[in-house]
Amino acid sequence: MGSQNNRKNKAGRAALGGMLLALALIFGYVETLLPLSFGIPGVKLGLANLVILSCLYVISVPEVLLLLVARILLSGFFFGNGMMILYSLAGGLLSFCVMLIGKKTNRFSMAGVSILGGVFHNLGQLLLAVVLVWDEKLFFYFPVLLLSGALTGALIGLLSQEILNRLRPVQ
Amino acid sequence: MKRNDWILLILLLCLSGLGIVFLGQRKKEEGTVVRISVAGKLYGEYSLQENRELLVETAQGFNKIRIEANEVSVFAADCPDRYCAEHAAISKTTEQIVCLPHRMVIEIIREEQAKNRQEASEEQVDGISE
């Protein structure tokens, strides 16, 4: 019950938010160390979404949104560049909105919500790519991104579920 | 996973599988011209039969492109992801190499699709020439 009280006061929430942000950043970094893309550009596990997705079920929606944007900006400045921030925002924000809607319908468990997130993350990035490169032939790549988004999304969703199941007794 | 999750997953897998099979049916043709575009604008068109190296400078950085043995590939670039440089050489009309950070696309087209061929002696920098 201690954490329940903490979450109500400002300092406790800020501390929790900072910790979760650090966690999301580390997961994003660990992801770059794992060669899981199979040489297919755009395919990745989405480990950072593990934190964002879990948080959707633990803290308030505005806090998750803040966490997401802060993570993208910070990891962009640390490891990437302006272009990478744009792509991350396009994927991250669209995925966040769709996951939120998916969760609100109460029709899916975390895995389903995460699958939606994975697919729309890839779609958001593809749409931005088509706009920036201005080549509609990029859409031919969509089926591959759909497949990878659904599979990695399912995996991340199952992992998040497992993490929350194990964290709940601690709270 | 709940029933709805499985339905969603299987639906998406079928859809992407169909898409991959369907797009795999596209006719692969041997092209003769390499077209390079940057940010949606034509940068240059080069013969696939003439071996040469090109330096494409974009607002975001450079890509070094090699045309050799009827294939084109990127052999060096200063983009952060290097997907373009890792991409295998291409030679067919359905193939393309994309460098998203530099907004650059390399594709193979047929002779009659070429609009503005660059001869081997010309350089790209001098813009429009007669």
Side-chain angles (χ1 to χ4, degrees), chain A residues 32 37 39-44 76 79-87 90 102 105-120 122-123 125-126 128-151 153-155 157-158 161, chain B residues 1-26 28 35-43 58-61 74 78-88 90 93-109:
Chain A
T32 63
S37 67
I40 310 168
V43 174
K44 61 175 194 170
F79 314 116
N81 55 14
M83 214 46 137
M84 193 178 126
I85 294 178
L86 271 185
Y87 277 103
T105 61
N106 279 327
R107 282 165 198 274
F108 302 106
S109 73
M110 277 179 97
V113 171
S114 177
I115 289 169
L116 287 172
V119 167
F120 278 88
N122 289 353
L123 181 64
Q125 293 202 326
L126 181 67
L128 182 65
V130 169
V131 169
L132 286 182
V133 176
W134 209 248
D135 187 344
E136 72 292 342
K137 282 198 291 301
L138 286 185
F139 279 123
F140 289 152
Y141 201 48
F142 183 58
V144 175
L145 291 177
L146 195 65
L147 179 70
S148 84
L151 290 179
L155 192 64
L158 290 174
Q161 184 72 66
Chain B
M1 294 217 301
K2 283 202 296 191
R3 196 169 143 263
N4 282 339
D5 299 336
W6 280 111
I7 293 172
L8 178 68
L9 182 61
I10 289 165
L11 201 75
L12 287 171
L13 291 185
C14 291
L15 212 65
S16 59
L18 274 176
I20 289 169
V21 170
F22 181 70
L23 290 179
Q25 307 288 313
R26 281 188 301 155
K28 273 193 178 181
R35 176 184 285 169
I36 300 172
S37 327
V38 176
K41 291 199 186 73
L42 181 65
Y43 182 94
T58 73
Q60 279 77 30
V74 177
D78 64 348
C79 55
D81 59 28
R82 305 292 164 93
Y83 285 133
C84 57
E86 283 166 25
H87 199 290
I90 60 170
T93 51
T94 50
E95 299 173 317
Q96 58 180 179
I97 298 177
V98 181
C99 180
L100 288 183
H102 294 172
R103 303 169 70 179
M104 187 209 64
V105 182
I106 306 170
E107 59 193 322
I108 309 287
I109 54 175

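Letters A, B, ... are given to chains in the order of the sequence lines, protein chains preceding strands, and every chain is numbered from 1.
In this structure, the separation between CD1 on A:Ile115 and CE on B:Met1 is 5.5 Å, given to the nearest 0.5 Å. For the atom pair A:Tyr141 OH and B:Ile20 CD1, the distance stands at 10.0 Å (nearest 0.5 Å). Taking CG of A:Leu151 as the reference point, atom CG of B:Leu12 lies at 9.5 Å (rounded to 0.5 Å).
Taking the salt bridge (Lys or Arg N to Asp or Glu O under 4.0 Å) definition, one finds that A:Lys137 meets it with A:Asp135, B:Glu107, sequence neighbours left out. Listed by chain and residue number, nothing satisfies the salt bridge (Lys or Arg N to Asp or Glu O under 4.0 Å) test with B:Arg103 (two or more places apart in sequence, or in another chain).
None of B:Ile7, B:Asn4, B:Asp5 except one satisfies the side chain to side chain contact (heavy atoms under 4.5 Å, CB included) rule with A:Arg107; the exception is B:Asn4.
When B:Leu9, B:Thr94, B:Leu15, B:Val98 are compared by the number of non-hydrogen pairs under 4.5 Å with chain A, B:Leu9 comes out ahead. Highest contact tally toward chain B, considering only A:Gly153, A:Ala111, A:Gly82, A:Gly102, is held by A:Ala111 [criterion: heavy-atom pairs under 4.5 Å]. For the set B:Val105, B:Asp81, B:Val38, the count of heavy-atom pairs under 4.5 angstrom toward chain A peaks at B:Val105.
Residue A:Tyr87 touches chain B through its side chain alone, counting heavy-atom pairs closer than 4.5 Å. In this structure, the portion of A:Leu158 lying under 4.5 Å from any heavy atom of chain B is its side chain and not its backbone. For A:Leu86, no part sits under 4.5 Å from any heavy atom of chain B, backbone or side chain. B:Arg26 touches chain A through its side chain: at least one heavy atom from C-beta onward sits under 4.5 Å away, while N, CA, C and O do not.
The two atoms that bring A:Val133 and B:Leu100 nearest to each other are CG2-CD2, 3.7 Å, heavy atoms only. Here the closest non-hydrogen pair linking B:Ser16 and A:Pro143 is CB-O, 3.3 Å.
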